[in-house]
Amino acid sequence: MKTPAILVINAGSSSIKFSIFSAAAVPGPEDLICGGKISGIGVQARLDARSADGTVLADEHFPENATYDELLARLLAWIETRLVGLELVAAGHRIVHGGRDHVLPSVLDEKLRDELRRLIPLAPLHQPHNLAAADALARLHPDLVQVACFDTAFHTGRSEMETVYALPAGMTEDGIRRYGFHGLSYDFVASRLEAVTGEEGGKRAIVAHLGNGASMCAMRNGRSVATTLGFTALDGLPMGTRSGAIDPGVLLYLMEQKGMDAKDLTCLLYRQSGLIGLSGISSDMRDLLASDAPKARFAIDYFCYRAGREIGSLAAALGGLDVLVFTAGIGENAPEIRSRICAAAAWLGVEIDEAANAEARGETVISAPGSKVAVAVIPTNEELVIARNSRALVQNA
Ligand code: AMP
């Protein structure tokens, strides 16, 4: 008999990640069979994949001119070869924007894909790729149940103070409101808060998801209370290539005085700003940390300063702070950045153990013993949340 399995796909603009989990009733990290990604899309695309024990299963480079669709087809063909002895019962996708109408994990059929396509202008870096992967899989496996898991979902339930913009009320009703993102990551971290940090986990926590995209979420008892991203994934912190918060008057000025149109502004705000815009060197924090260039240092200083300010704002929303957690690529792997952001939050009672911070691997508490705020690193696992949600949906179907 074949082992039931769940395929998880997280298709972004520069990478397509996948994992295959065996379909336990509630999948855990131990149910991972294999995973990998195509990275460097648009530059030098490469597929690497490993089994759960770390054995290399694939390490292939693709021609420089390979299109997104070709790479997706190559990846799906490679996944096919790994399915011997497995029977896929569902494919779960990370879908960045669910808009006002889509919150719970849902069967991602053609009708839903068409509805979600309308939200592409709200998440142009992610939504088209999320849906392209689902379209391709539908052509390849028309009978496979596909499941949409929304990055916006974790933030539903916040107060109106948090979700409404100060615009004429009719606009809020039309769906122009703060949604928030990185919800699958926050969902996972929330599920680990108490286990990693003890009693404090259930209280007032700020989780800093610092990756190529970056945001923070204030949680009370593991539920989102406030977050730095809004209607689109442009607000809040500066990111790898995105601006973060900007006075909308700047955009009016650029349109009126510099002749920029919506396409120009989309390119400016999504692709040419943030760390790459500030440094002129790279959007990758590793490159900036390795560089002596003053502009690289400035980009890092700016990133840490803005992160410190957002912590102050979110702590105000919570009325204090008990727990601070770092996750995602930068949050999990850059001790210097964690240390500097914690220093900016010292006034809230954040004090870290620099040795523990420098050595942190996996889930680690890095606060000093007397720190008023517990500080931890919790590696995120969005794929596991998608596998669990997808399993639950097909189980209950
Ligand atoms: P993510 O979007 O979560 O995959 O994070 C990607 C980002 O994490 C990259 O763009 C890097 O800036 C950052 N990153 C990954 N590893 C490290 C590291 N060892 N030190 C600093 N930054 C890192």
Side-chain angles (χ1 to χ4, degrees), residues 8-19 35-46 48 50 94 96 123 125-126 129-130 151 181-189 207-217 228-229 233-234 236-244 270-293 295-304 306-307 325-342 357-364 366 377-386:
V8 172
I9 295 198
N10 179 353
S13 58
S14 62
S15 72
I16 309 170
K17 297 182 192 156
F18 79 95
S19 311
K37 64 174 183 296
I38 292 188
S39 54
I41 297 176
V43 197
Q44 175 63 69
R46 173 178 163 224
D48 63 277
R50 288 171 188 267
R94 174 188 180 207
V96 161
L125 280 195
H126 300 93
H129 304 299
N130 300 161
D151 245 342
F181 298 87
H182 296 135
L184 298 164
S185 174
Y186 291 130
D187 196 340
F188 179 79
V189 173
V207 179
H209 175 109
L210 308 179
N212 197 31
S215 71
M216 291 185 182
C217 179
T228 59
L229 286 171
L234 275 178
L237 300 169
M239 301 171 227
T241 61
R242 283 173 259 166
S243 60
Y270 279 98
R271 297 183 194 282
Q272 299 174 334
S273 299
L275 297 178
I276 184 73
L278 288 167
S279 69
I281 293 172
S282 174
S283 62
D284 191 314
M285 187 59 88
R286 282 167 291 201
D287 297 337
L288 301 181
L289 288 167
S291 170
D292 294 332
K295 283 191 170 169
R297 293 316 301 175
F298 180 75
I300 295 170
D301 292 349
Y302 189 92
F303 183 83
C304 296
R306 299 310 305 190
V325 175
F326 292 93
T327 195
I330 299 171
E332 292 167 25
N333 298 301
E336 177 185 336
I337 304 298
R338 291 194 298 258
S339 172
R340 293 188 55 183
I341 294 173
C342 286
N357 179 43
E359 287 155 22
R361 300 278 176 282
E363 292 179 340
T364 317
I366 59 169
V377 178
I378 300 182
T380 195
N381 196 340
E382 292 151 299
E383 286 72 23
L384 185 60
V385 174
I386 296 170

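Counting starts at 1 for both ligands and their atoms, following the listed order.
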Nearest protein heavy atom with distance in Å, relative to atom 4 (O) of ligand 1: K17 NZ, 4.0 Å
For atom 12 (O) of ligand 1, the protein heavy atom that lies nearest, with its residue and separation: M285 N, 2.7 Å
Whether T241 side chain and Y270 backbone form a donor-acceptor pair below 3.5 Å: yes
Mutual orientation of the aromatic rings belonging to Y186 and H209 [parallel < 30°, tilted 30-60°, perpendicular > 60°]: perpendicular
For atom 13 (C) of ligand 1, the protein heavy atom that lies nearest, with its residue and separation: I330 CG1, 3.5 Å
Closest to atom 3 (O) of ligand 1 (judged by heavy-atom distance), picking from G329, G213, S15: G329
Nearest-neighbour protein heavy atom for atom 19 (N) of ligand 1, which is reported as residue plus atom name and distance: N333 CB, 3.4 Å
Minimum side-chain heavy-atom gap L125-R271 below 4.5 Å: yes
Option nearest atom 17 (C) of ligand 1 (shortest heavy-atom distance, choices H182, E336, R286, E382): R286
N212, any N or O under 3.5 Å of ligand 1 N or O: yes
Test applied, side-chain contact (heavy atoms from CB on, under 4.5 Å); reference residue, E382; option that passes from L384, T380, V385: T380
Protein contact of atom 11 (C) of ligand 1 - nearest heavy atom, named by residue and atom, plus distance: D284 OD1, 3.2 Å
Short N or O distance, A328 and ligand 1, threshold 3.5 Å exclusive: no
Side-chain touch T327/F188, heavy atoms, less than 4.5 angstrom: no
Least distance between heavy atoms, L229 atom then M239 atom: CD2-CE, 3.6 Å
Contacting atoms of ligand 1, where contact means under 4.0 angstrom from a heavy atom of G211: 1 (P), 2 (O), 3 (O), 5 (O)
Heavy-atom pair with the smallest gap, counting every atom of R297 and L289: NH1-O, 4.2 Å
